[in-house]
Amino acid sequence: MEALKQKFADKALSLYQELRATSKEHGGQKIDEVTLSQVLGGARGIKMMLWETSQLDPNKGIRFRGYSIPEIKESLPSGPQGEPKPEGLFWLMLTGEIPTAEEVDALTKEWQRRAEVPQAVFTTLDSLPADTHPMTQFTIGIMAMQPESVFSRRYSEGLPKSDYWDAVYEDSMNLIARLPRVAAYIYRRAFKDGQHIEPDTSLDYSANFAHMLGSDDEDFRSLMRLYLTIHADHEGGNASAHTVHLVGSTLSDPYLSFAAGMNALAGPLHGLANQEVIKWIFEMIDNLGTKTPTEEEIADYVQRTLDEGKVIPGYGHAVLREPDPRFTAQRRFAEQYIKDSDLISTVWKIFDVVPPILQSLGKVKNPWPNVDAHSGALLVHYGFSEFSYYTVLFGVSRALGVLAAGIWSRALGMPLERPKSVTSEWIKNQVK
Ligand code: HAX
């Protein structure tokens, strides 16, 4: 058994037993209360799911197994310029341990070994109109790989419950290994006349993905390492992660559950916001007739957007109450690697202008930027200006977190998820 799988198996079995004992002894203990406004308000804050791989603190941001983003950057094995490799984050999420550089290299090789995409996937993608939204192509590409599902085959052969995690591990590893090829294929067919680039197996996961997209620039490889690391997981309650969790709980295989999650990521209030942000910034630049708008001009445009009844994309969050550390990490990257970009200066000016305006509305709970406020400007800087593709990059990264969490869910024997709904009639009777 490969080292990562063995390490996971050892940890999972003991946690499974520990949690069963905890549930038996303390199962009746109350850990939360639910208010009517939570029921009517998108279930914000209700604690109802086990999610091992990361936890979100409203003020401090995401912690992957207890490590903040700066700590992750410090401790995970990195590429030549010091940006963390997402392979290391996956290892950490699955085992709770920081891997060595050798362990990360072995994982890179393992993913390369599994990376061959069946021809039928490319044939399926080629049958779609090239202008089909890249997120739709991405979901279809994932679904086209589903016939390869190890879990689905072994389940139909009578897989015992104690082995579910093993088959889900196999599917998740194969899926993660193949996603960059599928995603790059979509990019090249949609925007580069179908001139595809073969993988380069001498490269790590991120650099190879960058290569297949069309860039061998060292700085862009570093951006991809950072990007694929910081977008990977944001605890379990966000729409894409929760969807993968919910669908996986029915014992749909990882292809089916991950594709479902990607359909959630494709919404403008969630992952599609990265496309919406850069679109909004370019519309503003066009509208104002300058690439270097002043703070006053930006404030004016923000007000116009709000007056039209629209949200300011890239700002606000359902859980966070401070600037998103994923925004800050991207800002630090830009400060280090990029000199003199009008677009990036504009992103930073927007950061100065938007929060007080949103605060003044008196209803926005978090006026600060989220992860999506910065990512597009970085991508444009390196020549990737096809906005509609951005959410696919997010999706490739998100696979690492939600699939690691899915392996945990099956190893811990998590049951079918089935919360209770109520009718308005029931609510009216309840509050009488
Ligand atoms: N611009 C304008 N109004 C905003 C706003 C923003 N950026 N953020 C919140 N509001 C408004 C809400 O629309 C809501 O108004 P109504 O009561 O009139 O409906 C009010 O403020 C209260 O909302 P909230 O409680 O602060 O925020 P929610 O938890 O309901 O929603 C959202 C969180 C992220 C959906 C929201 O902040 C938003 O729409 N932001 C813009 C879109 C965006 O950037 N999404 C990406 C989020 C991060 C992510 O998932 N990335 O993938």
Side-chain angles (χ1 to χ4, degrees), residues 35 37-46 54 56 58-59 61-62 69 135 138 227-244 261-281 283-284 298-299 301-330 347 350-379 387-402:
T35 63
S37 54
Q38 285 175 305
V39 173
L40 298 178
R44 294 288 183 284
I46 300 173
S54 69
L56 183 55
N59 300 309
I62 191 65
I69 286 181
M135 274 307 275
F138 191 48
Y227 189 106
L228 296 178
T229 298
I230 64 177
H231 286 78
D233 206 30
H234 219 222
E235 75 171 30
N238 67 78
S240 54
H242 189 191
T243 304
V244 177
M262 289 303 95
N263 285 320
L265 195 71
L269 295 187
H270 191 17
L272 201 81
N274 61 8
Q275 159 188 317
E276 297 300 287
V277 166
I278 201 75
K279 225 169 98 191
W280 179 80
I281 294 176
E283 277 164 12
M284 173 176 76
I298 293 172
Y301 194 77
V302 168
Q303 198 52 58
R304 266 195 268 162
T305 303
L306 293 171
D307 291 346
E308 285 165 11
K310 300 180 194 160
V311 295
I312 308 301
Y315 282 76
H317 200 273
V319 179
L320 281 168
R321 294 297 175 257
E322 291 287 340
D324 191 334
R326 300 173 299 174
F327 174 87
T328 312
Q330 294 178 84
V347 167
I350 294 170
F351 174 43
D352 291 333
V353 168
V354 166
I357 298 178
L358 289 183
Q359 249 153 355
S360 73
L361 299 180
K363 63 174 184 177
V364 180
K365 296 195 192 63
N366 172 36
W368 301 109
N370 57 55
V371 65
D372 301 314
H374 210 310
S375 54
L378 292 171
L379 293 167
F387 319 147
S388 62
Y389 186 72
Y390 292 176
T391 314
V392 175
L393 294 177
F394 194 157
V396 172
S397 172
R398 190 42 64 99
L400 303 175
V402 298

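This is a predicted model, so every value here is computed, not measured. For ligands, and for the atoms within them, numbers begin at 1 and follow the listed sequence.
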Open item on the list: Using only atom types and a distance under 3.5 Å, with no angle test, would you say the side chain of E308 pairs donor to acceptor with the backbone of T305?
Closed with: no
Open item on the list: Tell me whether Y390 contacts the main-chain N or O of G271 through its side chain, where contact means a donor paired with an acceptor under 3.5 Å.
Closed with: no
Open item on the list: Check whether R44 reaches the backbone of V319 with its side chain - one donor and one acceptor, N or O, closer than 3.5 Å.
Closed with: no
TODO: Spell out, as yes or no, whether a donor-acceptor pair under 3.5 Å connects the side chain of N370 to the backbone of H317.
DONE: no
Open item on the list: Check the orientation of F394 and H270. Use parallel for under 30°, tilted for 30 to 60°, and perpendicular for over 60°.
Closed with: perpendicular
Write out each pair where an N or O from ligand 1 and one from the protein are under 3.5 Å apart, with the distance.
{"from": "ligand 1", "atom 1": "1 (N)", "to": "I312", "atom 2": "N", "distance (Å)": "2.9"}
{"from": "ligand 1", "atom 1": "7 (N)", "to": "I312", "atom 2": "O", "distance (Å)": "2.9"}
{"from": "ligand 1", "atom 1": "7 (N)", "to": "Y315", "atom 2": "O", "distance (Å)": "2.7"}
{"from": "ligand 1", "atom 1": "15 (O)", "to": "K363", "atom 2": "NZ", "distance (Å)": "3.3"}
{"from": "ligand 1", "atom 1": "18 (O)", "to": "K363", "atom 2": "NZ", "distance (Å)": "2.8"}
{"from": "ligand 1", "atom 1": "25 (O)", "to": "K365", "atom 2": "NZ", "distance (Å)": "2.7"}
{"from": "ligand 1", "atom 1": "26 (O)", "to": "K365", "atom 2": "N", "distance (Å)": "2.8"}
{"from": "ligand 1", "atom 1": "29 (O)", "to": "R44", "atom 2": "NE", "distance (Å)": "3.0"}
{"from": "ligand 1", "atom 1": "29 (O)", "to": "R44", "atom 2": "NH2", "distance (Å)": "3.1"}
{"from": "ligand 1", "atom 1": "30 (O)", "to": "R44", "atom 2": "NH2", "distance (Å)": "3.2"}
{"from": "ligand 1", "atom 1": "40 (N)", "to": "Y315", "atom 2": "O", "distance (Å)": "2.8"}
{"from": "ligand 1", "atom 1": "44 (O)", "to": "G314", "atom 2": "N", "distance (Å)": "2.8"}
{"from": "ligand 1", "atom 1": "44 (O)", "to": "N370", "atom 2": "ND2", "distance (Å)": "3.0"}
{"from": "ligand 1", "atom 1": "45 (N)", "to": "L269", "atom 2": "O", "distance (Å)": "2.9"}
{"from": "ligand 1", "atom 1": "50 (O)", "to": "H270", "atom 2": "ND1", "distance (Å)": "2.8"}
{"from": "ligand 1", "atom 1": "51 (N)", "to": "D372", "atom 2": "OD2", "distance (Å)": "2.7"}
{"from": "ligand 1", "atom 1": "52 (O)", "to": "H270", "atom 2": "O", "distance (Å)": "3.2"}
{"from": "ligand 1", "atom 1": "52 (O)", "to": "H270", "atom 2": "ND1", "distance (Å)": "3.2"}
{"from": "ligand 1", "atom 1": "52 (O)", "to": "G271", "atom 2": "N", "distance (Å)": "3.3"}
{"from": "ligand 1", "atom 1": "52 (O)", "to": "D372", "atom 2": "OD2", "distance (Å)": "3.2"}

Open item on the list: Any side-chain to backbone donor/acceptor pair from T243 onto G261? Under 3.5 Å, distance only.
Closed with: no
